[in-house]
Amino acid sequence: MSPPVPALSPEQKKELAAIAQRIVAPGKGILAADESTGSIAKRLSSVGAENTEENRRWYRQLLFTADKRVEPCIGGVILFHETMYQKADDGRPFPQVIKDKGALVGIKVDKGVVPLAGTNGETTTQGLDGLMERCAQYKKDGADFAKWRCVLKITAHTPTRLAVMENANVLARYASICQQNGIVPIVEPEILPDGDHDLKTCQYVTEKVLAAVYKALSDHHVYLEGTLLKPNMVTAGHACATKYSPEEIAMATVTALRRTVPPAVPGITFLLGGQSEEEPPSTSTPPTAVPNVPNVPELCLSCVTVPRLCHCPQAVPVSPGWCHSAVPRLVSQCCPQCPRRDHVPVGWPE
Amino acid sequence: MAHASASVDKGVVPLAGTNGETMTQGLDGLMEHCAQYKKDGAGFAKWRCVLKITAHTPTRLAVMENANVLARYASICQQNGIVPIVEPEILPDGDHDLKTCQYVTKKVLAAVYKALSDHHVYLEGMLLKPNMVTAGHACATKYSPEEIAMATVTMLRWTVPPAVPGITFLSGGQSVEEASINLNTINRCPLLHPWALTSYGRALQALALKAWGGKKDNTKAAQEEYVKRALANSLACQGKYTPSGTAGAAASESLFVSNHAY
C-alpha cells in the first residue's frame with residue numbers, strides 16, 4: 001500500500017471539524033433555503049406570488065431577518081447560487097445577514113440529476129466540473145458548508161448496483177473537493193419515498209446505500225469529522241398500505257444508521273416531511289418520525305443521534321414508549337452538566 | 001458463565017502473484033462444522049486473517065480477498081447461531097510509523113465492514129478483533145500509550161459502525177504489561193466510542209504458561225498468574241488499571257514473534 005499522503009493539513013482538519021460541530025450544536029438545525037429558480041416557482045405560485053427575482057429576494061429576506069428568537073435554533077442556512085449574491089434592503093449581502101445572526105452559510109453546489117443510460121430511470125448527479133474553483137470562490141464569499149443531493153429510488157429492480165456505486169462515488173468526489181477548500185460537505189444520498197414498499201425494505205436499501213457511501217468516502221480519503229450526513233428517514237413508501245408509528249420509523253431509522261455511520265461523523269441532519277424537497281408540501285404529508293418535532297418540510301432539524309454518545313453517569317433516559325433494551329446506548333440523552341459536552345476532541349492525528 | 005469458542009479457520013495460504021501475502025482457508029464444510037460446534041457447546045468462533053505493512057503491501061487484492069473471506073465465515077457462523085469474531089490482523093513487523101499503521105488499519109477495516117454489509121452479516125451479532133494501532137516493531141520512534149490509544153480509537157471511530165457491540169483487541173506481540181497498559185489507556189481516551197473496548201489474546205496466558213513450565217507441581221502458581229492477569233485486564237477495560245510496578249520482568253517481555261503465522 002502506498003504511504004499515506006495527507007489530503008488535509010491539521011489546520012484544515014481543525015477548521016472543518018469546528019464548522020461541522022457548530023452546525024449541529026445542541027438545539028440547532030439547518031434552514032434549507034436553497035430552492036433553485038425553477039423549484040421556488042411552485043412555492044411562490046402556491047401563495048399567488050409571481051416568480052420574480054425581487055419576490056425571491058424578498059421571501060428569503062423575510063426568513064433571514066426574523067428576530068433573534070431564531071438564533072439559538074439555526075446553525076446554518078443553505079442557499080442557492082442566486083441568493084448568495086443578493087442583498088438585504090439595508091445593503092448587506094445575505095451571507096452577512098446570516099452570519100450576523102450567528103449562523104453559518106451553506107451553498108448548494110450540485111447541478112441536478114442526469115440519467116444513467118441502461119437503467120430504468122435511475123440517475124446520478126452532475127456538477128463536478130470546475131467545482132474546485134467554484135468552492136474556492138464560495139468560501140471567499142462567505143460559505144462554510146455545501147450540499148449535494150443524489151437520488152435513488154426503490155422498485156422491484158432498483159436501486160441497481162450501478163446506481164448505488166456511481167452516486168456514492170460522485171458524493172465522495174464532491175466531498176473531497178469541498179474539504180480542499182475549507183467547506184464542510186453535507187452528503188445527501190436521498191432514497192425517495194415513492195412506491196409501495198414497506199418499512200423493512202426501505203431500511204434494507206438505506207443500509208446498503210449508506211454502506212456504499214461510507215466505503216466511497218473512505219476510498220476518497222474524506223475526513224469524516226468534517227462532514228455531515230443528510231439521509232432520508234427510514235419510512236415505508238407513500239403508497240404502502242401499512243401505516244407505521246413514529247416509534248417504528250424512528251427505530252428503523254436509528255438501526256440503519258447504527259449499522260452504517262461511523263462514530264467520527266459529527267451529525268446527521270434529516271429532511272423532515274418525508275418528501276422530495278423539490279416538491280411543494282402536500283396535504284398527505286406523512287407524520288414526522290421524531291416525536292414532538294413540528295412538521296415543517298422546509299426545515300431540516302439536526303438530529304445529533306448516532307455519533308454523539310455520552311458516558312456521563314447522570315445520563316437522562318428518554319420517556320417510556322421506547323424500547324430501551326434494543327438501543328440501550330443511544331436513547332440516553334446527555335445531561336447539560338456533563339463536563340464532556342464542550343470538549344469533544346476530534347481525534348489523532350489532527 | 002463464560003462462553004466457549006472455537007477457532008474455525010484452517011490457517012493461512014499464499015496469494016499467488018503477491019509478495020508473501022496470504023488469505024485464510026477453512027470455508028469448505030464450515031456450515032457443518034459450525035452446526036456441530038454449536039451442538040457441542042460453542043457460542044462464538046474466531047477466524048484470523050493476516051496482512052502486513054511494507055512499501056507495497058497490503059495490496060488491493062490482499063485487502064479485498066481477506067475482507068471477503070472474513071465476511072463469508074461470519075455469514076456461515078451466524079446461520080448456526082454462532083457469534084463470529086472477525087480478526088483482520090495487521091502484523092506489527094516492520095519499521096513503519098504510527099501514522100502508517102493507522103492509515104492501513106483504516107483502509108482494511110473499511111473494506112471489512114463493506115464486505116460484511118455486502119454479505120448481509122448482522123453487525124449486532126459479531127465482534128471485531130483488530131490490532132491496536134502501533135508503530136512497527138523496528139520503528140525508531142517510540143510512542144506513548146496515549147498516542148497509541150488516540151490513534152487506535154480515532155481509527156475505530158472512522159470505520160466501525162455503532163451497531164457492533166464490542167471490540168476485543170489482539171495483543172500482537174506486545175508484552176503482557178504493555179497490552180494491559182495500552183488497553184487501560186484506550187479505555188481512558190476522551191474520544192466518544194459506542195462499542196465496548198476489551199482484550200483477547202496471548203497476553204492473558206503468557207505468564208501462566210511460563211509459570212507452569214510443563215511441570216504439574218507448578219499448577220497453582222500458573223493459575224495464580226492467569227488470575228492476576230485476568231483481573232488486571234478486567235480493570236484495564238474499564239480504564240481503572242494502575243500498573244503496580246511489581247509485575248516483574250516476565251510481564252515486560254515482548255511476545256513478538258516475527259511473521260506470526262500460528
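Proteins come first, then strands; the chains are lettered A, B, ... in the order of their sequence lines, and each starts at number 1.
Residue contact with chain A, scored on non-hydrogen atoms closer than 4.5 Å, involves the backbone of B:Val160 exclusively. Heavy-atom distances place the backbone of B:Thr159, and not its side chain, under 4.5 Å from chain A. Residue B:Thr152 does not touch chain A at all, counting heavy-atom pairs closer than 4.5 Å. Looking at A:Thr260, only its backbone comes within 4.5 Å of chain B, counting heavy atoms on both sides. Both the backbone and the side chain of B:Ala111 come within contact range of chain A, with heavy atoms under 4.5 Å apart. Neither the backbone nor the side chain of B:Val164 comes within contact range of chain A, judged by heavy atoms closer than 4.5 Å.
Within the 4.5 Å cutoff, side-chain heavy atoms of A:Pro185 are placed close to those of A:Tyr174.
Scanning for ring-ring contact (aromatic ring centres under 6.0 Å, His included) contacts around A:Tyr214 gives an empty result, with sequence neighbours left out.
Minimum interatomic distance between B:Lys142 and B:Glu147 (heavy atoms only, all atoms of both residues): O-OE1, 4.5 Å.
Counting heavy-atom pairs closer than 4.5 Å to chain A, the top residue among B:Arg60, B:His56, B:Lys107, B:His96 is B:Lys107.
A:Glu190 and A:Lys230 are not joined by a salt bridge, as no carboxylate oxygen comes within less than 4.0 angstrom of a charged side-chain nitrogen. With respect to the salt-bridge test (charged N to carboxylate O, under 4.0 angstrom), the residues B:Glu21 and B:Lys52 do not qualify.
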Report the C-alpha separation of A:Glu225 and A:Lys13 in whole Å, then their side-chain angles, then the decisive distance to 0.1 Å, and conclude whether the salt bridge (Lys or Arg N to Asp or Glu O under 4.0 Å) test is met.
CA-CA 8 Å; A:Glu225 290 87 333; A:Lys13 285 181 178 174; over 6 Å; no

